[in-house]
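See below for the structure under consideration.
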Amino acid sequence: MDDMTRRFTITTPIFYVNGAPHIGHAYTSIAADVLARFHRLNGENVLFISGTDEHGQKVEQTAAAQGIETQAYADKISEDFRQMQRDMAISTDDFIRTTDERHKKAATALWNKVTENGHIYLGAYEGWYSTRDEAFIGEDELVTKPDGTKVAPSGAPVERVKEPSYFFRLSDFQDRLLKLYEENPDFIGPAGPRREIESFVKSGLRDLSVSRTSFKWGIPVPNDPDHVMYVWFDALTNYLTAVGYPDLSDPRAKFWPADLHIVGKEIARFHCVYWPAFLMAAGIELPKCVFAHGWWTVEGEKMSKSLGNALDPKALADEFSLDALRFFLMREVPFGGDSNFSRRSMITRMNVELANDLGNLAQRSLSQIAKNLGGVLPERGVLTEDDQSILALAQILPSIMAEQIERKAITEALEEAWKLVRAANSYIDRQAPWALKKTNMDRMADVLRVLVDLIRTIATMLQPYMPITMDKMLTQLGVEEGERSFAALEVPLPGGRVLPKPEGLFPRFVEETE
RNA sequence: GGCGGCGUAGCUCAGUGGUAGAGCAGGGGAAUCAUAAUCCCUUGGUCGGCGGUUCAAAUCCGUCCGCCGCUACCA
């Protein structure tokens with residue numbers, strides 16, 4: 001890749017190692033993966049990173065409760081997340097762990113830089129502390145007993161305590177942040193979270209406590225080993241770790257600033273307020289966009305530990321196939337909003353859109369080539385008006401989808417591809433090659449060739465969403481490895497290639513009880 | 001409480017001033033190449049209630065009802 005190639009840097013959140021990966025983690029990973037793959041196929045030089053956030057009191061406590069070394073515990077859960085991403089075919093270029101040496105170096109360097117620039121000072125963090133729980137309790141977590149005293153959720157008594165803490169001068173950045181949002185309306189997406197964050201910043205910012213002395217599992221504050229860095233300063237820095245910070249000569253340094261941070265809406269604020277403020281304080285360029293997506297509910301219920309309804313993405317992929325799961329997650333809801341996972345809608349989408357619409361389109365087209373043309377791809381023939389108008393739709397699909405992807409409309413981009421799928425089914429019925437077989441074999445071949453060209457466009461454009469199945473579909477169409485980029489669509493396939501025997505790629509899903 | 005969003009066909013939703021739309025589900029028909037898949041046509045809504053602005057409102061304003069989000073150290 002030369003320097004003229006457009007670079008695209010995209011991140012997932014780093015996942016907190018305090019529980020098993022569930023469908024929400026898979027969703028955020030798949031969404032970022034679709035975008036990363038799309039940009040790669042679009043000819044861009046992509047850096048796609050993910051990782052795990054492994055520090056903090058909760059991790060320390062959970063490991064202790066299980067009677068294992070904190071690092072060993074973090075190793076295990078971090079590996080679970082990497083396995084989940086392999087299971088979901090997530091095409092990351094790197095995986096950052098906050099316990100990596102390189103990350104500790106980056107976080108330490110950032111801390112020093114921000115301190116040097118005068119934005120960190122030593123103060124005191126005041127809060128409610130439960131000695132029995134050995135933890136600070138947030139104001140809103142306190143439970144008021146009938147007699148008026150406040151206690152921890154566990155019922156343990158709490159006391160007001162002060163602990164020394166370093167603070168980041170977040171309050172100094174209010175105006176600069178508002179200016180950032182105003183001058184870069186695309187910095188936060190979609191519009192809902194943007195308004196919320198703007199109004200949050202407008203309401204006034206307090207300085208941020210960025211260190212703790214109450215636990216040890218973290219990155220030591222430089223020159224004050226009693227303190228470890230508190231979560232956000234540590235965690236957000238992972239994005240810089242990935243580009244080799246603070247080593248500006250690192251080959252990846254040119255991948256900063258990041259183009260896109262994909263995050264869940266619950267952590268949008270930290271990415272849209274703290275993160276740019278830290279970077280401004282250090283004099284580092286800001287990312288271009290933070291995009292927040294919504295939550296999944298399960299059969300209409302919120303996913304929660306108490307309900308025990310967290311969905312295991314691996315189990316779903318095993319049952320429905322990975323690509324069907326990826327398709328469903330990207331298709332079911334406008335990216336950005338909340339959505340519901342139900343078995344029924346999963347199966348409906350699989351059968352109607354994948355099996356009936358797309359799978360059957362490929363199968364019916366290719367089987368006619370196999371049966372009537374000896375499996376040989378025909379050359380393009382003379383195009384009728386009908387041929388030309390549907391091929392024109394295929395020709396503009398890449399740019400239409402690219403526009404949607406540019407604005408992170410993953411679902412809408414997919415819908416654009418489906419318009420062509422439906423149009424192709426309509427075309428095949430209108431042209432009825434099975435009837436032409438009896439009257440005009442040449443015209444039949446022309447029609448089947450148009451269909452191959454349409455399906456090739458569809459399969460090429462759907463590779464980011466369903467990489468495994470679309471790989472097979474392109475092979476069935478006679479498209480070679482080097483002919484699968486978006487740019488390659490401009491060169492028609494040469495006729496005469498012998499196509500492999502077509503096989504159904506999206507079987508209908510039938511419930512065993514039915 | 002404050003700020004913001006939403007409420008459109010049975011379901012999921014699109015539609016920001018000019019005779020109500022898509023997909024799915026329902027009904028009728030065609031075709032039979034294909035994974036009993038496909039295609040065509042079609043039923044269906046006083047666009048949450050009320051009031052206002054306008055020649056004209058789902059679309060602007062007010063108000064009421066219902067649901068939801070945000071309201072910092074919790075990853």
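All chains are named by letter (A, B, ...) in the order of the sequence lines, taking the proteins before the strands, and each is independently numbered beginning at 1.
- Between B:C24, B:C74, B:G69, one nucleotide has an atom nearer to the side chain of A:Glu196 than all others, and that is B:G69.
- Contacts of A:Gly204 with the nucleic acid, taken as non-hydrogen atoms under 4.0 Å apart, include base atoms.
- Taking the six-membered ring for Trp, A:Phe270 and A:Trp275 have ring centres at least 6.0 Å apart.
- Donor-acceptor pairing under 3.5 Å is recorded for the side chains of A:Arg430 and A:Ser426.
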What does the B/S/- profile of nucleotides 35-42 of chain B look like, 5' to 3', with a 4.0 Å heavy-atom cutoff to protein? B-SBSS--

Given salt bridge (Lys or Arg N to Asp or Glu O under 4.0 Å), test A:Lys472 with A:Glu503 step by step and report yes or no. CA-CA 10 Å; A:Lys472 291 181 188 163; A:Glu503 281 171 33; over 6 Å; no

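- Nucleic acid contact class of A:Arg344 (heavy atoms, under 4.0 Å, all strands): none.
- Within the 4.0 Å cut-off from OP1 or OP2 of B:A34, at least one side-chain nitrogen or oxygen of A:Lys371 is found.
- Both A:Ile14 and A:Gln368 lie near RNA chain B, and the one whose nearest nucleotide falls closer to the 5' end is A:Gln368.
- Defined by atom type and a distance below 3.5 Å, a donor-acceptor pair is present between the side-chain atoms of A:Thr297 and A:Asn340.
- A:Asp234 comes within 4.0 angstrom of no nucleic acid atom, judged by non-hydrogen atoms across all strands.
- Rounding to the nearest 0.5 angstrom, the gap separating the CE atom in A:Met473 from the CD1 atom in A:Ile458 is 8.5 Å.
- Closest approach of A:Glu353 and A:Trp418 over heavy atoms only: O-CZ2, 3.2 Å.
- Where pairing requires Watson-Crick or G-U contacts shorter than 3.5 Å, the helical stems of RNA chain B with at least three consecutive pairs are B:1-7 with B:65-71, B:10-13 with B:21-24, B:26-30 with B:38-42, B:48-52 with B:60-64.
- Residue contacts shown for A:Tyr230 are limited to sugar-phosphate atoms, with no base heavy atom under 4.0 Å away.
- Pairs passing the salt bridge (charged side-chain N to carboxylate O under 4.0 Å, His left out) check and including a residue from residues 53-66 of chain A, sequence neighbours excluded, read A:Glu54-A:Arg97.
- Residues A:Thr98 and A:His103 have side chains that never bring a donor and an acceptor to within less than 3.5 angstrom of each other.
- An OP1 or OP2 oxygen of B:U71 is reached within less than 4.0 angstrom by a side-chain nitrogen or oxygen of A:Arg269.
- Annotation: side chain of A:Ile49 is not in contact with side chain of A:Thr92 (no heavy-atom distance under 4.5 Å).
- Rounded to whole Å, the distance from CZ on A:Phe200 to P on B:G2 is 20 Å.
- In this structure, the CZ atom of A:Phe341 is 16 Å from the C1' atom of B:U12, given to the nearest Å.
- Among the heavy atoms of the strands, none lies under 4.0 Å from A:Ile197.
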